[in-house]
Amino acid sequence: MDIDQKVSLNKLWAIGIKEEQIQGLDIIVLPENVSDSDSKKRYDAQNSITLSKLLKQEGVSCANSYDLGLDLPTIERRSNDIWMGQLYILNDAILPILEGVIGSILATLILTWRKRKDLREPAGNVHADITIIRPEGEIKINYTGEPEALLKIIKTLDKKNGSNHS
């Protein structure tokens, strides 16, 4: 790991995650409030836990707060919004898989929203903080918006990586 990557990961070191814990990982999925100075206020969103489980099922080397030794409670929100948490992408070769997994989660939720009888209810937004760590620097995306737009952003990042997936 070079010096630029270490600087980018200082936030993780500050909350007690050790460098050796992230060696060999492709992605880290953490709570959206992981930087909160009061550890009693940190919590995992159910959607971020689901995301990390699905990434692992796809063969991605992924860790969440539990895997990294952070004992945090889980919050399950009762709104239409989707909370993905903070994603640290350490290997951007997994971007096509991330796009597919997030797409699957969003498609399931969108279908659920459309089946509801009260069509006045808003469809909901996706909330995600994505940091892609690359040797030439990092890319940070703090996203709140429509699900489809997030997928387009991830696809664009993958194309900038030089991948040619369709």
Side-chain angles (χ1 to χ4, degrees), residues 1-2 4-13 15-35 42-72 74-77 81-111 125-145 147-166:
M1 186 173 305
D2 67 24
D4 290 335
Q5 292 172 324
K6 283 185 179 181
V7 169
S8 299
L9 296 170
N10 275 339
K11 190 186 302 185
L12 301 180
W13 312 155
I15 61 168
I17 296 173
K18 295 176 178 60
E19 185 174 343
E20 55 271 10
Q21 289 177 285
I22 67 166
Q23 293 295 326
L25 292 177
D26 296 322
I27 188 167
I28 304 168
V29 181
L30 294 173
E32 68 263 11
N33 65 344
V34 74
S35 313
R42 292 186 203 138
Y43 49 83
D44 271 316
Q46 183 61 43
N47 299 125
S48 64
I49 293 170
T50 300
L51 174 63
S52 67
K53 285 180 182 179
L54 292 174
L55 286 167
K56 289 174 186 176
Q57 287 176 1
E58 291 296 320
V60 174
S61 179
C62 177
N64 57 32
S65 60
Y66 178 79
D67 299 325
L68 297 170
L70 303 175
D71 187 21
L72 302 176
T74 302
I75 185 170
E76 184 176 348
R77 294 181 172 98
D81 284 7
I82 301 164
W83 298 82
M84 294 288 176
Q86 291 188 21
L87 310 177
Y88 287 85
I89 299 170
L90 307 174
N91 174 5
D92 52 7
I94 62 101
L95 285 170
I97 298 170
L98 179 65
E99 178 187 352
V101 169
I102 289 177
S104 175
I105 291 170
L106 298 179
T108 301
L109 291 170
I110 290 169
L111 287 173
N125 287 315
V126 177
H127 305 266
D129 288 323
I130 302 171
T131 302
I132 300 174
I133 311 283
R134 293 180 171 158
E136 64 274 11
E138 67 181 29
I139 298 172
K140 286 185 173 239
I141 300 165
N142 185 341
Y143 183 80
T144 298
E148 295 84 358
L150 178 60
L151 291 175
K152 288 179 185 175
I153 291 169
I154 295 171
K155 185 172 275 204
T156 300
L157 291 169
D158 187 32
K159 286 181 181 174
K160 286 183 180 178
N161 183 38
S163 298
N164 204 9
H165 307 279
S166 297

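- Considering every non-hydrogen atom in both Pro147 and Val126, the closest pair reads CA-CG2, 3.7 Å.
- Contact check for Leu54 versus Ile105: side-chain heavy atoms found under the 4.5 Å cut-off.
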May I have the step-by-step check of side-chain contact (heavy atoms from CB on, under 4.5 Å) for Ile153 and Ile130, ending in yes or no? CA-CA 11 Å; Ile153 291 169; Ile130 302 171; 6.0 Å; no
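- The CG atom of Asp67 lies 6.5 Å from the OG atom of Ser52; values are rounded to the nearest 0.5 Å.
- Taken from OG in Ser65 to CD1 in Ile49, the straight-line distance is 6.5 Å, to the nearest 0.5 Å.
- Side-chain contact check for Leu70 versus Ile17: some heavy-atom pair is nearer than 4.5 Å.
- For the pair Leu157/Asp92, no side-chain contact is recorded, criterion being any heavy-atom separation below 4.5 Å from C-beta on.
- Although no hydrogens or angles enter the test, the distance criterion places no donor-acceptor pair under 3.5 Å between the side chain of Asn125 and the main chain of Asp81.
- Scanning both residues, Lys18 and Gln21, for their nearest heavy atoms gives N-OE1, 2.6 Å.
- Shown here are the side chain to side chain contact (heavy atoms under 4.5 Å, CB included) partners of Asn142, two or more places apart in sequence or in another chain: Asp129.
- Atom CD1 of Ile82 is separated from atom OG1 of Thr144 by 12.0 Å, given to the nearest 0.5 angstrom.
- A heavy-atom distance below 4.5 Å is not found between the side chains of Asn64 and Ser48.
- The list of salt bridge (charged side-chain N to carboxylate O under 4.0 Å, His left out) pairs with a residue in residues 96-107, not counting sequence neighbours, reads Glu99-Lys155.
- Between the side chain of Thr50 and the main chain of Gln46, a donor-acceptor pair closer than 3.5 Å is present.
- The line from CE of Met84 to CG of Leu98 is 8.5 Å long, rounded to the nearest 0.5 Å.
- By the 4.5 Å heavy-atom criterion applied to side chains, Ile154 and Ile141 are not counted as neighbours.
- Side-chain contact between Leu30 and Tyr88: present, with at least one pair of heavy atoms (C-beta onward) separated by less than 4.5 Å.
- Note that CD of Gln23 is 11.0 Å distant from OG of Ser61, once rounded to the nearest 0.5 Å.
- Counting heavy atoms from C-beta on, the side chains of Ile97 and Asp26 never come closer than 4.5 Å.
- Taking both residues in full, the closest heavy atoms of Asp44 and Pro31 are given as OD1-CG, 3.1 Å, listed atom of the first, atom of the second, then distance.
- Note that CD1 of Ile22 and CD1 of Ile133 are 8.0 Å apart. Values are rounded to the nearest 0.5 Å.
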